[in-house]
Asker: 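This is the structure I have questions about; it appears just below.
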Amino acid sequence: MTRPVGDPSFEDLTARARIRDAAIRLFAERGMDGTTVRDITQAAGVSPGLLRHHFGSKEALREECDTYVLDRMIEIKQELVFDGKLANPAALPSIHPTILLYYKYVTQALLDGSRSAASMFDDMVALTEQWIAKNAPDVSEDHRAYAAVMVGMQSGMLAMHNHVSRALGVDVFTAEGHLRMAGALADFYSHPLLDPELVTKARRAMDALRSSIPPTAAGDDPAAEGA
């Protein structure tokens, strides 16, 4: 049942969402360390006490923002690609500012080097692996490796956005720059770069190399054994 606007529980829900959305915008622009609780509450139009009431701390709020952004990014991809919204000319322009915001948020999160950032990267790999298994299972025999490399490539591209932007001559966090980058990614994923025969030969060479490497315990670093 929809709660009336005057209902205190309805007001709590809207305040919680305002705090979360304000935090996402500020974390995307300034990073976690560059954003204070006062910054967030002022942007959300609430008191610091209300933030503590809903989230307990800035760190807990950050964790909820991480989860929300990742879930929404997956939902948006599903809606655009598999629900057919990409065919609607009005769909992408309406959602594009949100996509840019989330990309900036993820970039800041990965650059801050915190435990939360490491956890976010792991979550992105896990979600991508699940997405591949469900929607493109034939793309690779090793879904985990495929997901890890894909997330690493795209995250690295965003982390190096200053260099990518300079090479393109346009900021990739603007609509024009992001669309140019997205077009290149679409070309990248839709056109094989290697001849199938060359790939077969490369895989044979990798299998031969793999068979010559002594087995190590899980998690061991062979390079560290002689250290």
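Bear in mind that the values here come from a model prediction, so they are computed numbers and not experimental data.
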Asker: What's the separation between atom CG in L110 and atom CG in L158, rounded to the nearest 0.5 Å?
Answerer: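 The distance works out to 8.0 Å.
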Asker: Would a 4.5 Å heavy-atom cut-off, applied to side chains only, mark M124 and V106 as touching?
Answerer: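 Of all side-chain heavy-atom pairs linking V106 with M124, at least one is under 4.5 Å.
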Asker: State, yes or no, whether a side-chain contact exists between H178 and H96 at a heavy-atom distance under 4.5 Å.
Answerer: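 H178 reaches H96 side chain to side chain.
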Asker: For the pair K134 (side chain) and E129 (backbone), establish whether a donor and an acceptor sit closer than 3.5 Å, ignoring hydrogens and angles.
Answerer: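 Answer holds: no.
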Asker: List, by chain and number, the other hydrophobic cluster members for L198, where Ile, Leu, Val, Met, Phe, Trp and Tyr join if side-chain heavy atoms come within less than 4.5 Å, directly or indirectly.
Answerer: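 Result for L198 is L194, V199.
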Asker: Going by the salt bridge (Lys or Arg N to Asp or Glu O under 4.0 Å) test, which pairs reach into residues 39-52, not counting sequence neighbours?
Answerer: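 Residue pairs with at least one partner in residues 39-52: R30-D39.
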Asker: Donor-acceptor pairs are to be reported for all side-chain atoms of residues 146-157 against protein atoms at under 3.5 Å, with residues two or more places apart or in another chain.
Answerer:
residue: Q154; atom: NE2; partner: Y189; partner atom: OH; Å: 3.0
residue: S155; atom: OG; partner: V151; partner atom: O; Å: 2.7

Asker: State the CG-CE distance between L26 and M32, to the nearest 0.5 angstrom.
Answerer: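 L26 CG to M32 CE: 12.0 Å, rounded to 0.5 Å.
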Asker: Are L111 and I24 linked, directly or through intermediate hydrophobic residues, by side-chain heavy-atom contacts shorter than 4.5 Å (ILVMFWY only)?
Answerer: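 I24 does not cluster with L111.
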Asker: Could you tell me whether E63 and K58 have a side-chain N and a carboxylate O separated by less than 4.0 Å?
Answerer: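 No.
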Asker: To the closest 0.5 Å, what do you measure between CG (D66) and CE (M120)?
Answerer: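 Going from the CG atom of D66 to the CE atom of M120 covers 4.5 Å.
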Asker: Side-chain contact, heavy-atom cut-off 4.5 Å: L61 with C65?
Answerer: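 When only atoms from C-beta onward are counted, C65 and L61 do touch, with a gap below 4.5 Å.
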Asker: Is it the case that the side chain of T174 and the backbone of V170 share a donor-acceptor pair, with hydrogens and angles ignored and the cut-off at 3.5 Å?
Answerer: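 Between the backbone of V170 and the side chain of T174 there is no qualifying donor-acceptor contact (under 3.5 Å).
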Asker: Please walk me through it: do L50 and T41 pass side chain to side chain contact (heavy atoms under 4.5 Å, CB included)?
Answerer: CA-CA 8 Å; L50 196 56; T41 55; over 6 Å; no
Asker: Can you confirm whether D33 is buried at CG, in the sense that more than 12 heavy atoms of other residues, nucleotides or ligands lie under 6.0 Å from that atom?
Answerer: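 It does not: D33 CG has 12 such atoms or fewer within range.
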Asker: Side chain to side chain contact (heavy atoms under 4.5 Å, CB included) between E29 and T35: does it pass, once the steps are laid out?
Answerer: CA-CA 9 Å; E29 291 294 336; T35 303; over 6 Å; no
Asker: Can you tell me how far the CG atom of L185 sits from the CZ atom of R180, to the nearest 0.5 Å?
Answerer: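 L185 atom CG to R180 atom CZ measures 12.5 Å (nearest 0.5 Å).
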Asker: At their closest point, which heavy atom of L100 faces which heavy atom of A175, and how far apart are they?
Answerer: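 Residues L100 and A175, closest heavy atoms: CD1-N, 3.8 Å.
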Asker: Do NZ/NE/NH1/NH2 and the carboxylate oxygens of D207 and R210 come within less than 4.0 Å?
Answerer: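 So D207 pairs with R210 through a salt bridge.
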Asker: Does atom CD of Q42 have more than 12 heavy-atom neighbours, drawn from other residues, nucleotides or ligands, at distances under 6.0 Å?
Answerer: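 Yes.
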Asker: Working note: E141 + R203, criterion salt bridge (Lys or Arg N to Asp or Glu O under 4.0 Å); need CA distance, chi angles, decisive distance, verdict.
Answerer: CA-CA 12 Å; E141 294 181 357; R203 289 192 180 281; over 6 Å; no
Asker: Quick check: closest heavy atoms across I40 and I19, and the distance to 0.1 Å?
Answerer: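 Closest approach of I40 to I19: CG2-O, 3.9 Å.
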Asker: Starting at OH of Y103, measure out to CE of M181 and round the result to the nearest 0.5 Å.
Answerer: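 Rounded to the nearest 0.5 Å, the OH-CE separation comes out at 6.0 Å.
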Asker: Strictly distance-based, threshold 3.5 Å: is any side-chain N or O of S165 a donor or acceptor partner for the main-chain N or O of V172?
Answerer: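 Yes, because the side chain of S165 sits within donor-acceptor range (under 3.5 Å) of the backbone of V172.
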Asker: Side chains of V139 and I132: does their closest heavy-atom pair fall under 4.5 Å?
Answerer: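 When only atoms from C-beta onward are counted, I132 and V139 do touch, with a gap below 4.5 Å.
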Asker: Please work out whether the ring planes of Y68 and Y102 are parallel, tilted or perpendicular, with thresholds of 30° and 60°.
Answerer: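 Rings of Y68 and Y102: perpendicular, as their planes differ by over 60°.
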Asker: Is the distance between the ring centroids of F173 and H161 under 6.0 Å?
Answerer: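 They qualify: ring centres under 6.0 Å apart.
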Asker: Could you tell me whether the side chain of R25 reaches within less than 4.5 Å of the side chain of Y105, counting heavy atoms only?
Answerer: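 They are not in contact (no side-chain heavy atoms under 4.5 Å apart), so the answer is no.
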Asker: Of the non-hydrogen atoms in P137 and H143, which two are nearest, and what is the gap between them?
Answerer: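 So the minimum-distance heavy-atom pair works out to O-NE2, 2.9 Å.
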Asker: Within this structure, what is the CZ-CZ distance for the pair R20 and R62, rounded to the nearest 0.5 Å?
Answerer: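 One finds 15.5 Å between CZ of R20 and CZ of R62.
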